[in-house]
There are 2 protein chains.
Amino acid sequence: MGRRTGTRRVGIADVALKAGVSHATVSRVMNGNFTVDPAIAQRVRDAAAELNYQPNPVGRSLALGKTDTIGIVVPDLANPTFQAILRGLSMAAAQDGYRVLIADSSEVSSEEAILAGEARRRCDGLVLCAPRMGDAELEELAPSLHPMVLINRSTTETRVPSLEVDYSQGVQELAEHLVGLGHTSIAFLAGPARSASNRARMAGLDKFRAAHPGVELRMLEGGSSFETGHEAVDEVLASGATGVLAFNDLVAMGLLSGLHERGVRVPEDISLTGFDDIPFARYTTPPLTTAAVPITELGERAWHSLRALIRNAEAPDEETTFQPRLEIRGSTGPAGT
Amino acid sequence: MGRRTGTRRVGIADVALKAGVSHATVSRVMNGNFTVDPAIAQRVRDAAAELNYQPNPVGRSLALGKTDTIGIVVPDLANPTFQAILRGLSMAAAQDGYRVLIADSSEVSSEEAILAGEARRRCDGLVLCAPRMGDAELEELAPSLHPMVLINRSTTETRVPSLEVDYSQGVQELAEHLVGLGHTSIAFLAGPARSASNRARMAGLDKFRAAHPGVELRMLEGGSSFETGHEAVDEVLASGATGVLAFNDLVAMGLLSGLHERGVRVPEDISLTGFDDIPFARYTTPPLTTAAVPITELGERAWHSLRALIRNAEAPDEETTFQPRLEIRGSTGPAGT
DNA sequence: GAATCCTGAGAAAGCGTTTTCTCGAAACGT
DNA sequence: ACGTTTCGAGAAAACGCTTTCTCAGGATTC
């Protein structure tokens, strides 16, 4: 039995009483059902307005079996990439009258399943963003999460729409760009080990390596934050590389700042690339050469897929891959002598 | 009558049937009510596990009169400041088992009341972040939104806990810092007109002006984004100021980038300050002198206030003001000759 | 051994809606 | 004028849960 706070909220019953009609009629009027006598309808509307009646969404949800809410699970809300996805998702969903509920797993992959399940139950659908969990677990979880769309991951057993970025291709293009500038010693400052997008980059670099036997390519341990980049300065310098591919723009910015502190000139001494093209990338000094991913659009598209799923209940199971676009700016230049 | 999708979700009734007990008993077991025979409780748990039963949160919410969800309304989710507040809020609320629902008003102040009301009805509480609406409207709206906490705004009639940043003090300190470096011609690149925090900065600068009659202080129209800063380069140069106070770090970064493109050296030719100390601020070249606001903590504290409100139902009506801390970095230096 | 207390579990009410079902009255056709 | 359809609105069921109320049966007491 629901507890009541001091002054009870005005409910449909109050309106019905005031207008001298039944609950049902009030409901019909509120939902624009036209099988109601215009005079009575007006009386109901007046009563509702006077009492400032606002339907209780929870009761409505229970009766309707929908909440007009979707959930999103991200590994780390501090990451601008996920923020941008969230924003795109939220804006697009809002257009259709949906709100978004957020769940941050804080990179703890064991929490993801629980968070996702909980969020899914509260909502009409779910966006699972770059989950860190293993393939097997994801596969097993997927059916119970429907309707859901995946970002930067995909499943094979279950049909789940997924939106992916071709990190492999993007990082290859960046590497090619460096080679084109004459760099023959390149370092890759990697991302989080559990990240699928990092694995994709690795795969891309394997291909690159095969295509360019003459280029020396070193892999450096890393992460996904400023700090990672900033702390990697020594390692990068020790590697002797003249071209550095950072995991993402954040890492690149941290590294850029560290190099600057050391008096290492970019791009004269070292060329540096990021990934994602976050808004900040074009405002660093020098502006960052990067692979642009339409991140906000990714969130928007995620909503469109999810919406289709929610409406049709049948999957329009698409698998979209976004191609990053090379964005050449000032942080890369010809290899020094 | 709720519509049923093909395969109905497993409900409490299914578990009750399987365990051979009543709904009530299942509910008791699921909620850790110990007035249940251990043997029966185990049978219920087994049945629940076997059916993979998960209580429906909507039904639960209706019965309990709470949703374990709070809402936040922000003017612009693209702004790192609001992102950080959201993050702090979300993390803190998650600790207590609450989730957060987001609503972005896209700086459209007329939408705020509707969004806020809607969000509030869906949730157990609301955080209204830097609302753009007028004082009168805010005052009128406040009672219907309880429990709620305000960020960067406050009310006088209604008692609403509010968390504010002393922008006035912060901007004065930044200005003093410039004066201390010998700058006598200063420009303020203002923020959005509707922003209360911008008005606070203005007020602070009025005080500053009164205290330093000898210093020339110009006000320049602006905004809150990179672009604003970037586009303001000409105006700033035309003003002849050697010290520039940007509305926030974003604007400062845009301006910094623009100045750099023009070959203007920072801080040798122009000293530049931001505001907020977003994570990016320390990684620009040169690193940004700014007034540090513990933004994430702001979100965290917002949750603590809101939690108190939700629990006590009686307001611990605090009015907290955060003092920004001057963060002197490389973007400010002695005034040139 | 009977009256009383306690324990544990089922029945049912309630949370606030929507929607089906039902039925009286008005409108229509012959 | 009577039977049939249509229309509009109320009664009630349903959504899925929690919790009060109620009561049967075993334990306790004198």
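Convention: sequence-line order gives letters A, B, ...; per-chain numbering from 1.
- Ser305(B) and Glu318(B) share a donor-acceptor pair across their side chains, judged by distance under 3.5 Å alone.
- Among the protein residues, Val58(B) comes within range of no part of the nucleic acid, since none of its heavy atoms lies under 4.0 Å from any strand.
- Arg60(B) places its CZ atom 17 Å from the P atom of dG16(C), with the value rounded to the nearest Å.
- Nearer the 5' end of DNA chain D, as judged by each residue's closest nucleotide, is the contact made by Pro38(A), out of His23(A) and Pro38(A).
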Can you check side chain to side chain contact (heavy atoms under 4.5 Å, CB included) on Glu300(A) and Met91(A), steps first, answer last? CA-CA 7 Å; Glu300(A) 196 179 316; Met91(A) 303 261 64; over 6 Å; no
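- Separating the CG atom of Leu62(A) from the P atom of dA13(D) is a distance of 17 Å, rounded to the nearest angstrom.
- If Thr35(B) and Pro55(A) are placed on DNA chain C by their nearest nucleotide, the residue sitting closer to the 5' end is Thr35(B).
- Nucleotide dA27(D) holds its C1' atom 15 Å from the CG atom of Asp37(B), rounded to whole Å.
- We find that Asp46(A) and Lys18(A) are not joined by a salt bridge, their nearest charged nitrogen and carboxylate oxygen being 4.0 Å or further apart.
- The interatomic distance linking Asn31(A) (CG) with dT19(C) (C1') rounds to 10 Å, in whole Å.
- Rounded to an integer number of Å, the gap from NZ of Lys66(A) to P of dA14(D) is 23 Å.
- Nucleic acid contact for Asn33(B): none, since no nucleic acid atom lies under 4.0 Å from a heavy atom of the residue.
- Between the CZ atom in Arg99(B) and the CG atom in Leu115(A) there is a gap of 5.5 Å [rounded to 0.5 Å].
- The nearest heavy atom of DNA chain D to Val36(A) and to Pro57(B) marks one nucleotide each, and the one closer to the 5' end goes with Val36(A).
- Rounded to an integer number of Å, the gap from Leu17(B) CG to dG10(C) P is 12 Å.
- Among the heavy atoms of the strands lying under 4.0 Å from Tyr53(B) are primed sugar atoms or P, OP1, OP2 only; no base atom is included.
- Comparing Ala24(B) and Gly59(B), the nucleotide of DNA chain C nearest to each residue sits closer to the 5' end for Ala24(B).
- Shown here are the side-chain contact (heavy atoms from CB on, under 4.5 Å) partners of Asp124(B), two or more places apart in sequence or in another chain: Lys66(B), Thr67(B), Asp68(B), Tyr98(B), Ile310(B).
- Rounded to whole angstrom, the span from the CZ atom of Phe34(A) across to the C1' atom of dA9(D) amounts to 17 Å.
- For dC15(C), neither phosphate oxygen OP1 nor OP2 lies less than 4.0 angstrom from any side-chain nitrogen or oxygen of Asn56(A).
- Nucleic acid contact class of Ser27(B) (heavy atoms, under 4.0 Å, all strands): base.
- Rounded to an integer number of Å, the gap from Leu64(B) CG to dC15(D) P is 20 Å.
- For dA9(C), neither phosphate oxygen OP1 nor OP2 lies less than 4.0 angstrom from any side-chain nitrogen or oxygen of Arg28(B).
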